[in-house]
Amino acid sequence: MFDRHARRKLRHSIQRVAPGILALSGYQGSWLRHDLAAGLSVAAIALPVGIAYADLARVPPVIGMYSAIFPLFAYALFGSSRQLMTGPDAATCIIVAASLSPLAGGDPERYATLMLSLTLMTGLLYLFAGSVRLGFIANFLSQPILTGYLNGIALLIIVGQLPKLLGYQGTEERFFRKVLEVFERFDQSHWPTAALGVAMLVVLVLVMRFLPRLPGALIVVALSIVLVASLGLDHKGVAVLGAVPGGLPSLALPTFGHGAFNDIFGAAAGIVLVSFTSGVLTAKSFARRNGYKVNANQELIGFGACNLASGLAQGFPVTGADSRTAVNNAMGGKTQVVGLVAGGAMLLVLMFMTAPLAYVPITALAAVILVSAVGLFDLADLRQLYRMSYREFLMSVGTTLGVLFLGVLPGVLLAVALSLIWLLSVGSRPNDAVLGRVHGLKGFHNVADYPDAKTIPGLLLYRFDSNVVFYNADYFKTRVRAAIAAQTTPVEWVVIDASSVNVIDVTGLRKLDELRAELATQGVSVHYARVKRHLERFFNEEFARQRRKLAKRYRFQTLKTAINAFLKHQTANGLILANADTEDPASAGREWRETVQPLRKETPDPVPLPREKENTERPA
């Protein structure tokens with residue numbers, strides 16, 4: 001019999017590994033009718049979408065069914081979102097096809113083996129990332145970069161499905177050649193196929209527009225089956241799926257040569273980065289709408305379990321599916337029982353009702369994929385980026401063009417490279433400010449924002465709005481020099497407001513020492529205020545002790561303490577405060593003191609206490 005502490009510990013352990021088990025243990029009966037309705041609605045969409053996406057991944061339709069069914073069971077136990085539905089994703093399927101087709105060399109059996117290896121590798125990478133708490137990688141690709149990448153994927157899918165929609169044989173592989181091929185071979189279209197495909201496309205758009213709560217994909221697939229069977233369209237040249245094997249898949253383990261490992265690993269890493277970023281954004285979005293939070297690290301575990309389940313069932317990699325999640329949310333789904341219901345319903349179809357699937361026309365599946373791809377293209381976000389940040393808009397468009405010109409996998413590398421470039425460009429030239437006091441406002445403010453701000457002649461208060469590390473340390477030095485040169489009176493003290501600095505590396509520290517030595521030769525003393533105590537943990541203890549000893553004279557607890565120390569220094573040396581815009585030095589000193597007042601009577605020398613919180617205004 002467990003005592004209370006043991007039960008709490010066990011509950012915590014289960015929560016960390018399989019939160020779905022605890023959620024199911026506290027399930028309320030009143031939720032069941034909502035979850036049943038939502039689960040059946042999700043199944044009605046997920047099954048035809050899974051079959052359609054199998055074509056994107058270049059595998060038989062039944063593999064798409066496996067990939068749509070079994071990951072739902074795994075995520076229900078290991079995921080942290082109550083609404084997220086997992087399954088095939090257009091971008092993921094495109095990456096799978098682009099990665100494996102060159103390796104398989106046209107051999108379907110080798111392709112299937114490589115796909116199994118890729119799916120399991122993806123699951124293992126997910127689990128590793130979750131175990132070492134790499135959930136922050138969800139924020140690695142900025143939203144504009146991710147939008148650009150997915151827009152490129154959407155355009156690839158749209159152009160790639162047009163031959164199947166219209167019924168002509170496409171031969172080109174490159175995007176822009178495919179676009180030209182559409183116009184060159186349009187007159188070679190199979191018109192019964194094109195008529196059926198366009199009709200199903202129109203029906204799907206109308207259902208989604210005017211009856212959004214109905215499963216449009218299922219309606220289109222069912223209607224197309226009826227038309228093919230009743231009109232004998234399969235005998236008139238309309239391509240259909242053919243027999244779909246029913247029953248459960250057999251378990252299989254991958255076997256591949258050492259030469260393919262690097263390619264499989266690289267493709268799996270790309271899938272993890274892209275699919276997790278988009279999948280966890282979907283999970284967070286619906287969690288926010290329903291008033292709870294998801295754990296990004298647990299989502300890595302959940303996605304890993306999904307991909308392992310898909311791989312063991314011979315499926316392809318999967319992730320969070322935004323369209324099916326939206327259906328779940330719209331139908332009022334409360335818990336991951338929705339996933340269990342949806343998976344169970346599709347499993348019944350797989351085991352007992354696959355015969356009608358033989359009449360599903362390829363053109364109808366192309367219509368389903370086309371509508372999904374159009375939904376993947378985010379034009380609204382592009383317009384907003386254009387209005388808000390033209391530079392990020394260009395980076396997003398550049399990512400899209402990179403996917404179209406270079407291909408899917410190089411597009412992933414380009415997205416990562418652009419994210420790094422953006423990060424470095426922002427961090428290497430951050431905002432900074434010369435600070436002064438403004439009458440009627442608390443704190444210290446940027447004199448560029450407030451031209452009437454008061455400063456003390458001989459004292460420069462400077463703030464660098466970033467960490468000081470190897471890629472911006474020289475810029476920091478340059479900006480301090482420029483600020484000193486811009487003063488109308490000679491600077492004696494530079495007090496650096498370090499409240500914005502959370503990280504400093506060895507390069508940054510050396511650059512600060514170089515700046516101090518350089519300014520000392522010019523008679524300028526460098527001091528620091530509001531330095532965070534935790535910065536010393538970046539260096540070994542002996543060096544940190546030396547820095548504390550050396551910096552005791554030059555470090556102040558607050559900016560006010562530093563100002564008082566400077567005023568005391570001026571008084572001790574018999575110096576008179578002067579202001580460039582007044583002829584009365586004594587009056588200038590009183591004006592500054594009245595602006596600064598009420599200053600606390602503080603000890604001018606620094607003391608090793610936690611810094612005082614101070615209201616400062618930082619530039620946006």
Side-chain angles (χ1 to χ4, degrees), residues 136 139-140 142 417 419-435 444 446 448 459-487 491-559 561-562 565-566 606 608-614 616-620:
F136 63 86
N139 304 318
F140 188 77
S142 68
S419 293
L420 289 173
I421 291 171
W422 170 247
L423 180 66
L424 292 175
S425 67
V426 171
S428 62
R429 301 178 67 85
N431 292 324
D432 62 347
V434 174
L435 304 176
F444 297 84
N446 190 349
L459 174 64
L460 175 67
L461 301 178
Y462 176 81
R463 186 182 67 219
F464 191 69
D465 292 324
S466 179
N467 301 316
V468 182
V469 290
F470 64 95
Y471 56 80
N472 65 11
D474 280 320
Y475 181 72
F476 173 85
K477 291 173 59 179
T478 301
R479 295 300 294 168
V480 172
R481 292 193 201 102
I484 293 173
Q487 302 306 301
V491 174
E492 298 176 38
W493 276 30
V494 175
V495 177
I496 296 171
D497 178 3
S499 59
S500 303
V501 180
N502 293 303
V503 177
I504 185 169
D505 64 0
V506 170
T507 303
L509 201 61
R510 287 174 176 170
K511 296 296 182 181
L512 293 180
D513 282 339
E514 290 174 8
L515 179 66
R516 177 192 56 77
E518 175 187 328
L519 294 181
T521 63
Q522 304 171 19
V524 180
S525 180
V526 178
H527 303 262
Y528 299 91
R530 307 177 69 194
V531 178
K532 296 180 179 177
R533 297 284 298 276
H534 78 267
L535 290 179
E536 293 177 352
R537 70 179 172 83
F538 290 101
F539 310 100
N540 64 55
E541 185 61 28
E542 179 182 356
F543 183 74
R545 283 197 300 269
Q546 293 175 3
R547 295 298 303 174
R548 284 195 293 269
K549 183 177 180 181
L550 290 172
K552 187 175 181 181
R553 292 179 50 219
Y554 305 104
R555 185 182 300 172
F556 295 96
Q557 187 178 340
T558 68
L559 287 174
T561 307
F566 177 74
L609 294 174
R611 67 177 179 84
E612 172 187 313
K613 288 186 178 179
E614 190 170 4
T616 61
E617 177 182 283
R618 300 185 186 180

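Keep in mind that this is a model prediction, so the values were computed, not measured. Values reported hereafter were calculated over all heavy atoms of this structure, with side chains retained and with hydrogens, waters and symmetry mates removed. For reference, positions follow the sequence shown, starting with 1.
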For residues [X] and [Y], determine if any side-chain heavy atom of one lies less than 4.5 Å from a side-chain heavy atom of the other.
| X | Y | result |
| --- | --- | --- |
| L459 | E492 | no |
| V469 | I504 | no |
| L461 | F444 | yes |
| R530 | Q557 | no |
| V495 | L559 | yes |
| L460 | Q487 | yes |
| P430 | F476 | no |
| V480 | Y462 | yes |

Please round to the nearest 0.5 Å and tell me the distance separating atom [atom1] of [X] and atom [atom2] of [Y].
| X | Y | atom1 | atom2 | result |
| --- | --- | --- | --- | --- |
| T478 | N472 | OG1 | CG | 11.0 Å |
| R429 | S466 | CZ | OG | 12.5 Å |
| L420 | S425 | CG | OG | 10.5 Å |
| S428 | Y475 | OG | OH | 8.5 Å |
| D505 | L509 | CG | CG | 8.5 Å |

If you take all heavy atoms of [X] and [Y], which pair is closest and at what distance?
| X | Y | result |
| --- | --- | --- |
| K511 | D474 | NZ-OD1, 3.2 Å |
| G508 | A473 | CA-CB, 4.0 Å |
| V503 | L535 | N-CD2, 3.8 Å |
| A498 | V531 | CB-CG2, 3.9 Å |

Next item on the list: I would like to know whether N446 and N431 meet side-chain contact (heavy atoms from CB on, under 4.5 Å); could you show each step before the answer?
Entry: CA-CA 11 Å; N446 190 349; N431 292 324; over 6 Å; no
Notebook entry, point to check: With R481, which residues qualify under salt bridge (Lys or Arg N to Asp or Glu O under 4.0 Å), at least two apart?
Noted result: E518
Notebook entry, point to check: Any idea how H527 and F556 line up, ring-wise: parallel (<30°), tilted (30 to 60°), or perpendicular (>60°)?
Noted result: tilted
Notebook entry, point to check: Any sub-3.5 Å donor-acceptor pair from K477's side-chain atoms to L512's backbone N or O?
Noted result: no
Check: With the threshold set at 4.0 Å, does a side-chain nitrogen-carboxylate oxygen contact exist between D432 and R463?
Finding: no
